[in-house]
Structures are given as C-alpha cells and as structure tokens.
Amino acid sequence: MYGTRLFDQPAHAAVRARLDAFLQGSGPLGVEIGFDHGMCILDRARRFPDHRHLGVELREARVEAASAHAPPNCLLLRIDARTLFSVLLPPASVDWVYLLFPTPPSGPKRVLLSAAFGAHVHAALKPGGTFWFATDVLELHTAAQGAFPWEEGSPPPLGAELSRRERVCRRDGLPVYRLCLRRPNAGA
Ligand SMILES: C[S@@+](CC[C@H](N)C(=O)[O-])C[C@H]1O[C@@H](n2cnc3c(N)ncnc32)[C@H](O)[C@@H]1O
C-alpha cells in the first residue's frame, strides 16, 4: 500500500478516482490518519456537515465497516498515509490533519513520523493549517516533535467521541501526550 506509483496502477485507479472526485468538492477539509473503527471521524462528519472529512486506514475490514456509516461529506479509503500525503493530495488543500495514537513502527519500512512525512504534510496543509496529534508512547511524541518542528496552533474542529485507544488510556490511567501545531508559512 505504499509507493509513489501505486495509484497509477489500474487496480488502484478506482480508489484514486473516488479520492479525486471528493477533493473537487467545496468546504474545509480535514484528514484523519489511521481512523480504525472511525468513531472520531464519523462523529465529526455528522457534527460539521459543511466540512469534508477524509480518512485513510491500512486495514481493509475497518475501511469497509466504517464506510457503511459515512455520510456524503466523509470519504474513508484504504490508503497508506505516506502515499496520500506524498503524491495524492494537492498542495495547500487541507485545513486540519488528525493523527491519533499512531501504531509504533515494527521496522524501518513502517516508520510514519519522519522528516519526509512532516514535509509532505506541510505541503498538503494550507498555511496556518493544524496538525493534531495524540499518543501514549513517549517515543512517538518525541518523533512527532522532530518531524513537525512547528509552533503551537489552534485546535481543529473536534467531536465528543474518543478514539478506541484514547478510551483504553482513560480506562487504564495511561498518560497521553498531545500536540496541536500550526503549519508555518515557510519551510517544513
Ligand atoms: C494504534 S491504532 C489507533 C487507531 C485510532 N486512531 C485510535 O486512536 O484508536 C493505529 C491505526 O493506524 C493505522 N495505520 C498504521 N499505519 C498507517 C498508515 N501508514 N496509513 C494509514 N493508516 C495507518 C492502523 O491500521 C491502525 O488502525
């Protein structure tokens, strides 16, 4: 699911066509990475009907299950976030990026929070756009600070639902490290 040429292939053309059609729409755009069951993005999609809500997730079953509940202003696709941000999103097209409790990488090929990813998110966000992040893994918080050396920003539109991992953190009393960062006008 990761590669700059992947979505040029016929097998992925339908996904790309759906994404491109959705991006043609109007209204502010939020992107959630790794939406899992989709509680947060589906809640926001219902609360903010004038916004567009794009979610990407690696697990096909999650995408299919959550898509059944998505209103027209919400598109959920099986795309690796690294591919989405590096080749599929137009520059300065996104208002808010949500990354909630990313998976700790199981090897170098799975790393999401890199300088390159930070630069691609910078390119896709509008100037002043927000990167919203949460994790209970201190190393991932440190990695996000390194990939996004940005100033503090204004919170994006939020719903009332907690993600599955955030519920676990509350239940088990785990610390949650958060970032709310504003995309700078220049640099990454
Ligand atoms: C630890 S789970 C957290 C899910 C949810 N955001 C939460 O807070 O409960 C991380 C999710 O991100 C997805 N994921 C991991 N790497 C991804 C990537 N590169 N692009 C898109 N989704 C990814 C995983 O499949 C998984 O569902």
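Here the structure is a predicted model, which means the values were calculated and not measured. Indexing begins at 1, ligand by ligand and atom by atom, following the structure's order.
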Colleague: Holding to side chain to side chain donor-acceptor pair (under 3.5 Å), I want the full list of residues that pass it with Asp20, two or more places apart in sequence or in another chain.
Modeller: none
Colleague: Can you check whether Phe85 and His120 have ring centres sitting under 6.0 Å from each other?
Modeller: no
Colleague: Which ILVMFWY residues are connected to Val176, directly or by a chain of links, through side-chain heavy atoms under 4.5 Å apart?
Modeller: Trp96, Tyr98, Leu100, Phe101, Trp132, Leu158
Colleague: Is the shortest distance from a Lys or Arg side-chain nitrogen in Glu161 or Arg167 to a carboxylate oxygen in the other one below 4.0 Å?
Modeller: yes
Colleague: Partners of Ala144 by side chain to side chain contact (heavy atoms under 4.5 Å, CB included), sequence neighbours excluded?
Modeller: Leu113, Phe133, Leu179
Colleague: Show the short N or O contacts, below 3.5 Å, that ligand 1 makes with protein N or O atoms; if there are none, say 'none'.
Modeller:
{"unit_1": "ligand 1", "atom_1": "6 (N)", "unit_2": "Gly34", "atom_2": "O", "d": "2.9"}
{"unit_1": "ligand 1", "atom_1": "6 (N)", "unit_2": "Leu100", "atom_2": "O", "d": "2.8"}
{"unit_1": "ligand 1", "atom_1": "8 (O)", "unit_2": "Leu100", "atom_2": "O", "d": "3.4"}
{"unit_1": "ligand 1", "atom_1": "8 (O)", "unit_2": "Ser163", "atom_2": "OG", "d": "2.6"}
{"unit_1": "ligand 1", "atom_1": "9 (O)", "unit_2": "Ser163", "atom_2": "OG", "d": "3.4"}
{"unit_1": "ligand 1", "atom_1": "9 (O)", "unit_2": "Arg164", "atom_2": "N", "d": "3.3"}
{"unit_1": "ligand 1", "atom_1": "9 (O)", "unit_2": "Arg165", "atom_2": "N", "d": "2.8"}
{"unit_1": "ligand 1", "atom_1": "19 (N)", "unit_2": "Asp80", "atom_2": "OD1", "d": "3.0"}
{"unit_1": "ligand 1", "atom_1": "20 (N)", "unit_2": "Ala81", "atom_2": "N", "d": "2.9"}
{"unit_1": "ligand 1", "atom_1": "25 (O)", "unit_2": "Glu57", "atom_2": "OE2", "d": "2.4"}
{"unit_1": "ligand 1", "atom_1": "25 (O)", "unit_2": "Arg59", "atom_2": "NE", "d": "3.4"}
{"unit_1": "ligand 1", "atom_1": "27 (O)", "unit_2": "Glu57", "atom_2": "OE1", "d": "2.8"}
{"unit_1": "ligand 1", "atom_1": "27 (O)", "unit_2": "Glu57", "atom_2": "OE2", "d": "3.1"}
{"unit_1": "ligand 1", "atom_1": "27 (O)", "unit_2": "Arg59", "atom_2": "NE", "d": "3.4"}
{"unit_1": "ligand 1", "atom_1": "27 (O)", "unit_2": "Arg59", "atom_2": "NH2", "d": "2.9"}

Colleague: Inspect the contact between Arg165 and Asp36 and indicate whether a charged nitrogen and a carboxylate oxygen are less than 4.0 angstrom apart.
Modeller: no
